[in-house]
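Since the structure comes first, as structure tokens, the remarks are kept for the end.
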Amino acid sequence: MIRVIIERHIADDLAEYYEKAARNTLQQAMNAHGFISGEALHNANDANHRYVIVTYRTIQDWQRWYGSPERKEMMEAIHPMLDRDEKITILQH
């Protein structure tokens with residue numbers, strides 16, 4: 001089992017749009033092979049600093065989702081709302 005931390009910083013005044021797009025992305029990820037769980041959080045000191053923490057069965061399952069056309073399409077909607085590139089950290093036991 002692995003955990004993936006996706007860190008994003010959204011541009012000012014785009015929180016409402018980001019929330020909708022991020023929620024859609026997480027819903028799509030829930031259908032991905034090997035998906036176990038996921039949650040979306042924000043930094044208590046910076047409302048534009050967001051985290052998505054997902055758990056997958058294997059790193060291969062994550063990589064399959066990461067490279068999928070579905071995720072790429074979702075990221076096309078999210079990417080313009082970010083003021084910097086997302087940071088992805090993969091953790092394992």
Side-chain angles (χ1 to χ4, degrees):
M1 181 170 56
I2 65 156
R3 293 239 169 109
V4 180
I5 301 171
I6 303 168
E7 185 177 352
R8 298 178 180 139
H9 201 276
I10 58 174
D12 289 335
D13 301 322
L14 294 178
E16 180 181 339
Y17 302 104
Y18 170 82
E19 289 297 329
K20 184 177 180 181
R23 195 171 18 259
N24 288 339
T25 302
L26 189 53
Q27 287 174 344
Q28 288 289 326
M30 293 170 86
N31 296 320
H33 181 77
F35 178 90
I36 295 173
S37 66
E39 61 184 324
L41 306 165
H42 68 272
N43 183 327
N45 297 313
D46 181 353
N48 289 344
H49 194 183
R50 307 301 175 92
Y51 295 87
V52 178
I53 303 171
V54 291
T55 304
Y56 279 86
R57 190 174 48 90
T58 67
I59 195 164
Q60 291 82 10
D61 291 332
W62 159 252
Q63 290 170 337
R64 188 177 303 114
W65 165 248
Y66 182 80
S68 72
E70 294 85 3
R71 185 177 191 279
K72 287 180 181 183
E73 182 179 335
M74 296 291 175
M75 287 309 299
E76 286 177 10
I78 290 174
H79 189 74
M81 295 182 231
L82 305 180
D83 63 7
R84 59 191 82 150
D85 290 337
E86 70 178 0
K87 178 181 174 189
I88 296 175
T89 304
I90 300 172
L91 305 169
Q92 61 186 6
H93 291 275

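This is a predicted model, so every value here is computed, not measured.
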Using 0.5 Å steps for rounding, measure from the [atom1] atom of [X] to the [atom2] atom of [Y].
X: Tyr51; Y: Ile5; atom1: OH; atom2: CD1; value: 8.5 Å
X: Thr25; Y: Glu73; atom1: OG1; atom2: CD; value: 9.5 Å
X: Asp12; Y: Asp83; atom1: CG; atom2: CG; value: 7.5 Å
X: Asn43; Y: Glu7; atom1: CG; atom2: CD; value: 8.5 Å

Under the rule for salt bridge (charged side-chain N to carboxylate O under 4.0 Å, His left out), what residues qualify as partners of Arg71, not counting sequence neighbours? Glu86

Between Tyr56 and Phe35, what is the ring plane arrangement, given parallel below 30°, perpendicular above 60°, and tilted in between? perpendicular

Within one Ile-Leu-Val-Met-Phe-Trp-Tyr cluster: [X] and [Y], side-chain cutoff 4.5 Å:
X: Ile88; Y: Ile10; result: yes
X: Ile90; Y: Ile53; result: no
X: Met30; Y: Val4; result: yes
X: Met74; Y: Val52; result: no
X: Leu26; Y: Ile36; result: no

Take atom [atom1] of [X] as the centre, draw a 6.0 Å sphere, and report whether it contains more than 12 heavy atoms from other residues, nucleotides or ligands.
X: His79; atom1: NE2; result: no
X: Arg64; atom1: CZ; result: yes
X: Glu70; atom1: CD; result: yes
X: Asp46; atom1: CG; result: yes

Derivation and outcome, side chain to side chain contact (heavy atoms under 4.5 Å, CB included), residues Met1 and Thr55: CA-CA 7 Å; Met1 181 170 56; Thr55 304; 3.4 Å; yes

[X] versus [Y], closest heavy-atom pair with distance:
X: Arg8; Y: Ala22; result: NH1-CB, 4.5 Å
X: Ile59; Y: Ile2; result: CA-CD1, 3.7 Å
X: Met81; Y: Ala21; result: CE-CB, 3.9 Å

